[in-house]
Peer 1: 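Below are the structure tokens for one structure; questions will follow.
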Amino acid sequence: IPMSFGLDIDNPKQAMRIGMLKNYKAEKGSLVIWDSYFALSDQDVSSEELNEKKELEFFKRIDCTDCNKRYYLELYRSK
């Protein structure tokens with residue numbers, strides 16, 4: 001998703017891996033995209049962890065309708 005906006009995923013000023021939220025806060029105004037596969041398997045971040053962060057506000061869940069597996073995204077914004 002960051003690449004579709006022309007952002008460099010290797011530049012932490014443009015895009016941060018979700019696992020960084022274990023130790024750091026998201027910058028105000030950031031969009032946090034949690035997915036039900038990679039966030040859990042590659043970064044070990046659950047949606048429950050994000051819901052506990054006071055600086056993040058959940059605002060949308062997007063379910064994959066074309067997937068063979070249950071897969072979804074949750075979107076959060078940083079206050």
Peer 1: With a cut-off of 6.0 Å (strictly less than), are more than 12 heavy atoms of other residues, nucleotides or ligands near CZ of Phe38?
Peer 2: no
Peer 1: Quick one: does Val45's side chain get under 4.5 Å of Leu40's, heavy atoms only?
Peer 2: no
Peer 1: Hey, mind stepping through Lys79 and Glu57 against salt bridge (Lys or Arg N to Asp or Glu O under 4.0 Å) and telling me if it holds?
Peer 2: CA-CA 7 Å; Lys79 303 182 224 175; Glu57 176 183 26; 5.8 Å; no
Peer 1: With salt bridge (charged side-chain N to carboxylate O under 4.0 Å, His left out) as the rule and sequence neighbours excluded, what pairs involving residues 19-33 come up?
Peer 2: Lys22-Glu49
Peer 1: State, to 0.1 Å, how close Ala15 and Pro2 come at their nearest heavy-atom pair, and which atoms those are.
Peer 2: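 Shortest heavy-atom separation between Ala15 and Pro2 comes out as CB-CB, 4.1 Å.
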Peer 1: To the nearest 0.5 angstrom, please state how far the CG atom of Leu31 sits from the CD1 atom of Ile1.
Peer 2: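 Result: 8.0 Å between the selected atoms.
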Peer 1: Between Leu50 and Ile33, is there shared hydrophobic-cluster membership here, with clusters defined by ILVMFWY side-chain heavy atoms closer than 4.5 Å?
Peer 2: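 The answer is no; the residues belong to distinct hydrophobic clusters.
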Peer 1: Please identify each residue that fulfils side-chain hydrogen bond (donor to acceptor under 3.5 Å, both in side chains) with Asp63, with sequence neighbours left out.
Peer 2: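 side-chain hydrogen bond (donor to acceptor under 3.5 Å, both in side chains) list for Asp63, sorted by chain: Arg61.
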Peer 1: Once side chain to side chain contact (heavy atoms under 4.5 Å, CB included) is applied, do any residues pair with Ile62, and if so which ones, sequence neighbours excluded?
Peer 2: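 Scan of Ile62 (side chain to side chain contact (heavy atoms under 4.5 Å, CB included), adjacent residues dropped) gives Lys60, Leu73, Leu75.
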Peer 1: How long is the gap from OG on Ser47 to CD on Glu52, to the nearest 0.5 Å?
Peer 2: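 Atom-to-atom, Ser47:OG and Glu52:CD are 10.0 Å apart.
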Peer 1: How is the hydrophobic cluster of Met3 composed, in terms of its other members, when Ile, Leu, Val, Met, Phe, Trp and Tyr link through side-chain heavy atoms under 4.5 Å apart, directly or indirectly?
Peer 2: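 Direct or chained contacts put Met3 with Ile9.
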Peer 1: Under the side chain to side chain donor-acceptor pair (under 3.5 Å) rule, what pairs show up with a residue in residues 29-45, not counting sequence neighbours?
Peer 2: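 Sorted pair list: Asp35-Tyr71.
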Peer 1: How would you list all residue pairs meeting ring-ring contact (aromatic ring centres under 6.0 Å, His included) that involve residues 41-62, not counting sequence neighbours?
Peer 2: Phe58-Tyr76
Peer 1: Keeping Lys53 on the side-chain end and Leu21 on the backbone end, is there a donor-acceptor pair under 3.5 Å?
Peer 2: yes
Peer 1: Output all residues satisfying salt bridge (charged side-chain N to carboxylate O under 4.0 Å, His left out) with Glu55, sequence neighbours left out; order by chain, then residue number.
Peer 2: none
Peer 1: Mind checking what makes side chain to side chain contact (heavy atoms under 4.5 Å, CB included) contact with Tyr24, not counting sequence neighbours?
Peer 2: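 Result, side chain to side chain contact (heavy atoms under 4.5 Å, CB included) vs Tyr24: Met20.
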Peer 1: Give every residue pair that meets the side chain to side chain donor-acceptor pair (under 3.5 Å) criterion with at least one member in residues 3-18, sequence neighbours excluded.
Peer 2: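 Side chain to side chain donor-acceptor pair (under 3.5 Å) check on residues 3-18 returns no pairs.
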